[in-house]
Student: 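Would you mind keeping the following structure in view while I ask a few things?
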Amino acid sequence: MHDWNKLERIRLEKMRALQENGADPFPSSVTRTHSTAQAVQAFENAAEAETVQAVVVGRIRSIREMGKVIFAHLEDGEGKLQLFFRQNDLGDEAMARFSEHFDLGDFIEASGHMFRTRTGEVTLHVEQFRMIAKAIRPLPAAKEEEVDGERVVHSAFSDPEARYRERYADLAVNPEVRQIFEKRAALLRALRTFFDQRGFLEVETPILQPIYGGAAARPFVTHHNQLHQDLYLRVSFELYLKRLIVGGVEAVYEIGRDFRNEGVSFKHNPEFTMLEYYQAYADYTDVMDTTEELIAFVARELNGTTTITYGGEQIELAPPWKRMSLREALIESAGIDIDVHRDASSLHAAMRALDIEANPDASRGKLIDSLIGGTLEPTLIQPTIIYDYPRDISPLAKSRADDPDTVERFEAFIGGMEICNAFSEINSPLEQEQRFLEMGRAYDVGDEERHPMDEDYLRALSYGMPPTGGFGMGIDRLTMLFTDQTTIREVILFPHLRSRERDGADQEES
RNA sequence: GCGCCGUUAGCUCAAUUGGCAGAGCAGGGGCCUUUUAAGCCCAAGGUUACAGGUUCGAUUCCUGUACGGCGCACCA
């Protein structure tokens, strides 16, 4: 494995000493009559004279040796329980066995009876105990105390890199980390409940795709050996879900992983979880309504209220949300009327005149996009729907009948973050082919970010697709919102980090 | 990809203008029969991320590499 350090060698010695005494430090079967919480509950419920016996299992999180008695805390998935060892009751041999061979972090099985200490803590008076899993490596040291009912942690395991690389240790010593992922699970459950109750069909579509599409993003490429075929990890599910709409599935959703071969940041991970839904006979205004209901529903399921706090700001998620056209919003936030600037050079000049950074090579749509990100997005703390986007950055969204350069698309923002992207879907195969061609021209040949022409998708549309509204939402960012986290790494169990280079050839696997 | 900052004991952190690298916790040896960040005494613990350079002398100054954090760019 690796060279054990001094602390680990001492623990290995303790493990061997147990083995020499005939004990298995890693038995496969254990007894458990009560969780920690159940043991406390059973004692509280019992009559005064009644003895409550319990066998509990868990990890030793603290040890206080006081000569002929020892206090320790055992932690399981539900909480902590204090253990009390008394030499008079256990005998010299058992007492020595504990103090000499058991360390912080070890898993222990302890049986005894419940009682209340002088200071009032419900405690297990240990009669028998044994090792059920020895921890060779010490957990990151952290101590905690209660001050006015608040948990105060000292010397917490807090280095972000170490926490993400060793999430197991992070979870073992930082209980609030597990709460984030419990909330994430509850959020996913709430999303499914919402759509299931409305008759949506949950589906799974291919992750390995022969042609990627549905988003302007660089894909990961892989290869199928037997078929001699390059495949792409999906950047979106969009085109597959709309094929299902063609097939008569009128309401459909998928929750799954997307992969984008792009930068890593506090709000970007190369693989991230996405929710997309499509609904026949809905347009983007219907999707706006559903979006408001969805987020409010999730908030109530998670917290019992539609008010949340994010980054110190109180946010009210109950409908109706503020709705503004993108044009109005940019006039307000940037002081630029995009209708006045109908081409890239005019818009670029307007931005420069206001001292807003602008890439001279960018298209009009990309400039508008950067205006959104730079001037608008950070101001949208309360939920806001921004609608009617420029056509050239929306290759799958249907144009407005009254303005072909503007599409029926909206994005919702909460807490200064883009939460979702939605539109009335293009359902004319001719229009869609035209858009693919426009996108193809906008990028150099071979540019992986361009939308490749998906002939099979056009074939599907040519069978006829009803008017359809579609919606995509990043689940990681939604989790950030509901757990008040400012980095995506805190809501992904194993966020992507660069691999540690192993220095020196002597470390090679043997 | 670019910029700024960081990396010191198992964990959390110190170290004055360059002068023997320290503390708390954890760990080891003692004392202590109701403690809870238990307490008290003793001893130990380090290739200061890595590789070079400047210097009598480098944790400290310089260069490079690795990894991370933050910001920018890209994007969801």
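To find a chain, count down the sequence lines: A is the first, B the second, and so on, and within it residues start at 1. No experiment lies behind these values; they were computed from the predicted model shown.
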Student: May I ask which nucleotide in the shown strands pairs with U34(B), Watson-Crick or G-U wobble, both distances under 3.5 Å?
Tutor: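 The answer is none; no pair meets the criterion.
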
Student: Got a donor-acceptor pair under 3.5 Å from the side chain of R64(A) to the base of U35(B)?
Tutor: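 Indeed there is one.
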
Student: Please name the nucleotide paired to A49(B) by Watson-Crick or G-U wobble geometry with both distances under 3.5 Å, or report none.
Tutor: U65(B)

Student: G6(B) and U48(B): how far apart are their C1' atoms, nearest whole angstrom?
Tutor: 14 Å

Student: Paired with C20(B) by Watson-Crick or G-U wobble geometry, both distances under 3.5 Å: which nucleotide is it?
Tutor: none

Student: Select base, sugar-phosphate, or nothing to describe what G474(A) touches, counting heavy atoms under 4.0 Å on all strands.
Tutor: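 Since no nucleic acid heavy atom lies under 4.0 Å of G474(A), the category is nothing.
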
Student: Residues in side chain to side chain donor-acceptor pair (under 3.5 Å) with Q279(A), at least two apart?
Tutor: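 Here no residue qualifies.
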
Student: Of all the nucleotides listed (C74(B), C70(B), U34(B)), which has the minimum atom distance to the side chain of R118(A)?
Tutor: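 Closest of the options to the side chain of R118(A): U34(B).
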
Student: Provide the distance between the two C1' atoms, one in C4(B) and one in A21(B), to the nearest whole Å.
Tutor: 28 Å

Student: Between U35(B), U34(B), G69(B), which one does the side chain of L497(A) approach most closely?
Tutor: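 The closest nucleotide is G69(B).
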
Student: Touch check for T123(A), heavy atoms < 4.0 angstrom, all strands: base, sugar-phosphate only, or nothing?
Tutor: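 The answer is nothing, as T123(A) stays clear of every strand by at least 4.0 Å.
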
Student: For the side chain of Q87(A) and the base of U33(B), is some donor closer than 3.5 Å to an acceptor across the two?
Tutor: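 Counting by modelled atom types and ignoring angles, no donor-acceptor contact under 3.5 Å is found here.
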
Student: How would you list, by chain and number, every residue that makes a side chain to side chain donor-acceptor pair (under 3.5 Å) with E411(A), sequence neighbours excluded?
Tutor: Y389(A), R409(A)

Student: In the structure shown, which nucleotide is the Watson-Crick or G-U wobble counterpart of U60(B), with both distances under 3.5 Å?
Tutor: none

Student: Does any donor atom in the side chain of D76(A) or S35(A) lie under 3.5 Å from an acceptor atom in the other side chain?
Tutor: no

Student: Rounded to the Å, how far apart are D159(A) CG and C11(B) P?
Tutor: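 That distance rounds to 9 Å.
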
Student: Check every strand shown and say whether N269(A) touches a base, only sugar-phosphate, or nothing at a heavy-atom separation below 4.0 Å.
Tutor: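 Base, at least one base atom sits under 4.0 Å.
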
Student: Between L104(A) and S158(A), which is nearer to the 5' end of RNA chain B once each is assigned its nearest nucleotide?
Tutor: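 Result: S158(A).
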
Student: Counting only distance, no hydrogens or angles, is the base of U35(B) paired donor-acceptor with the side chain of T117(A) under 3.5 Å?
Tutor: yes

Student: In the structure shown, which nucleotide is the Watson-Crick or G-U wobble counterpart of G27(B), with both distances under 3.5 Å?
Tutor: none

Student: With rounding to the closest Å, how many angstrom separate the C1' atoms on U35(B) and C40(B)?
Tutor: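 15 Å, rounded to whole Å.
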
Student: Would you mind telling me which of G28(B), A76(B), U12(B) lies closest to the side-chain atoms of F157(A)?
Tutor: U12(B)

Student: Reckon I70(A) touches a base, only the sugar-phosphate, or nothing at all at heavy-atom distances under 4.0 Å?
Tutor: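 It contacts nothing in the nucleic acid.
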
Student: What is the distance from NZ of K14(A) to P of A26(B), rounded to the nearest Å?
Tutor: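 Answer to the nearest Å: 13 Å.
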
Student: Starting from P on C74(B), measure out to CG on N261(A) and report it in whole angstrom.
Tutor: 17 Å

Student: Would you tell me if any nitrogen or oxygen in the side chain of R165(A) comes within less than 4.0 Å of OP1 or OP2 on G68(B)?
Tutor: yes

Student: Please confirm whether the shortest side-chain N or O distance from R489(A) to OP1 or OP2 of C70(B) is below 4.0 Å.
Tutor: yes

Student: Both distances under 3.5 Å, Watson-Crick or G-U wobble: report the partner of G3(B), or none.
Tutor: C70(B)

Student: Round to the nearest Å and state the distance from K68(A) atom NZ to G30(B) atom P.
Tutor: 13 Å

Student: Between G10(B), A73(B), U33(B), which nucleotide has the shortest distance from any of its atoms to the side chain of S265(A)?
Tutor: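 Selected nucleotide (nearest to the side chain): A73(B).
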
Student: Name all residues meeting the side-chain contact (heavy atoms from CB on, under 4.5 Å) criterion together with R64(A); count only those two or more places apart in sequence or in a different chain, and write none if there are none.
Tutor: S62(A), F71(A), H73(A), Q82(A)

Student: With the six-membered base ring of A76(B) as reference, does the ring of F272(A) sit under 5.5 Å away with planes under 30° apart?
Tutor: yes

Student: Which part of the nucleic acid does A156(A) contact within heavy-atom distance under 4.0 Å: base, sugar-phosphate only, or nothing?
Tutor: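 Sugar-phosphate contact only - A156(A) comes under 4.0 Å of backbone atoms but never of a base.
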
Student: With under 30° as parallel and over 60° as perpendicular, where do the rings of F129(A) and F102(A) fit, or are they tilted in between?
Tutor: perpendicular

Student: Could you give the CZ-to-P distance, from R163(A) to G10(B), as a whole number of Å?
Tutor: 20 Å

Student: Looking for any heavy atom pair under 4.0 Å, which part of the strands does L7(A) touch: base, sugar-phosphate only, or nothing?
Tutor: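 Base, at least one base atom sits under 4.0 Å.
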
Student: Just the rounded figure in Å: distance from P of C32(B) to CZ of F71(A).
Tutor: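 Atom-to-atom, F71(A) to C32(B), this comes out as 16 Å.
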
Student: Could you tell me the Watson-Crick or G-U partner of A9(B), where both distances fall under 3.5 Å? Say none if there is no partner.
Tutor: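 Answer to the pairing question: none, since A9(B) forms no Watson-Crick or G-U pair.
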
Student: Please list, chain by chain and in numerical order, all residues satisfying side chain to side chain donor-acceptor pair (under 3.5 Å) with E254(A), sequence neighbours excluded.
Tutor: T205(A), R234(A)

Student: Are there any protein N/O atoms within less than 3.5 Å of an N/O atom in nucleotides 42-47 of chain B, and if so, which ones and at what distance?
Tutor:
unit_1	atom_1	unit_2	atom_2	d
G45(B)	O3'	K6(A)	NZ	3.1

Student: Begin with the C-alpha distance, continue with both residues' side-chain angles, and end with the deciding distance and a verdict on side-chain hydrogen bond (donor to acceptor under 3.5 Å, both in side chains) for D388(A) and Y284(A).
Tutor: CA-CA 10 Å; D388(A) 288 354; Y284(A) 77 143; 2.6 Å; yes

Student: Which protein N or O atoms sit under 3.5 Å from an N or O of nucleotides 22-25 of chain B?
Tutor:
unit_1	atom_1	unit_2	atom_2	d
G24(B)	N2	S155(A)	OG	3.4
C25(B)	O3'	K143(A)	NZ	3.4

Student: Is there a side-chain contact between R218(A) and the phosphate of C74(B), meaning an N or O under 4.0 Å from OP1 or OP2?
Tutor: no

Student: Taking atom P of U34(B) as reference, at what distance in whole Å does atom CG of L90(A) sit?
Tutor: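 Computing the L90(A):CG to U34(B):P distance gives 15 Å.
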
Student: Reckon F115(A) touches a base, only the sugar-phosphate, or nothing at all at heavy-atom distances under 4.0 Å?
Tutor: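 Here F115(A) touches the bases of the nucleic acid.
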
Student: More 5' along RNA chain B: H73(A) or S99(A), using each one's nearest nucleotide?
Tutor: S99(A)

Student: Where the side chain of K366(A) is defined as all heavy atoms beyond and including C-beta, which of A76(B), C74(B), G10(B) is the nearest nucleotide?
Tutor: C74(B)

Student: The criterion is ring pair (Phe, Tyr, Trp, His ring centres under 6.0 Å); which residues satisfy it with F195(A), sequence neighbours excluded?
Tutor: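 Once residues adjacent in sequence are excluded, the partners of F195(A) under the ring pair (Phe, Tyr, Trp, His ring centres under 6.0 Å) criterion are F200(A), Y253(A), Y277(A).
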
Student: For H125(A), enumerate each residue passing the ring pair (Phe, Tyr, Trp, His ring centres under 6.0 Å) test, keeping only those at least two apart in sequence or located in another chain.
Tutor: F84(A), H113(A), F115(A)

Student: Between U35(B) and Q82(A), counting only base atoms on the nucleotide and side-chain atoms on the residue, is there a donor-acceptor pair under 3.5 Å?
Tutor: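 Flag set: donor-acceptor pair detected.
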
Student: Let me know the distance between CD1 of I488(A) and P of A76(B), rounded to the nearest Å.
Tutor: 13 Å

Student: With heavy atoms under 4.0 Å as the rule, sort F266(A) into base, sugar-phosphate or nothing.
Tutor: sugar-phosphate

Student: I would like to know whether E262(A) and R218(A) meet salt bridge (charged side-chain N to carboxylate O under 4.0 Å, His left out); could you show each step before the answer?
Tutor: CA-CA 7 Å; E262(A) 281 159 1; R218(A) 294 174 64 187; over 6 Å; no

Student: What heavy-atom pair brings R167(A) and P495(A) nearest, and what distance separates the two atoms?
Tutor: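 Looks like NH2-CD, 4.0 Å.
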
Student: Are the side chain of T379(A) and the backbone N or O of E377(A) linked by a donor-acceptor pair below 3.5 Å?
Tutor: no

Student: Using the side-chain contact (heavy atoms from CB on, under 4.5 Å) criterion, which residues pair with K6(A)? Sequence neighbours excluded.
Tutor: R9(A)

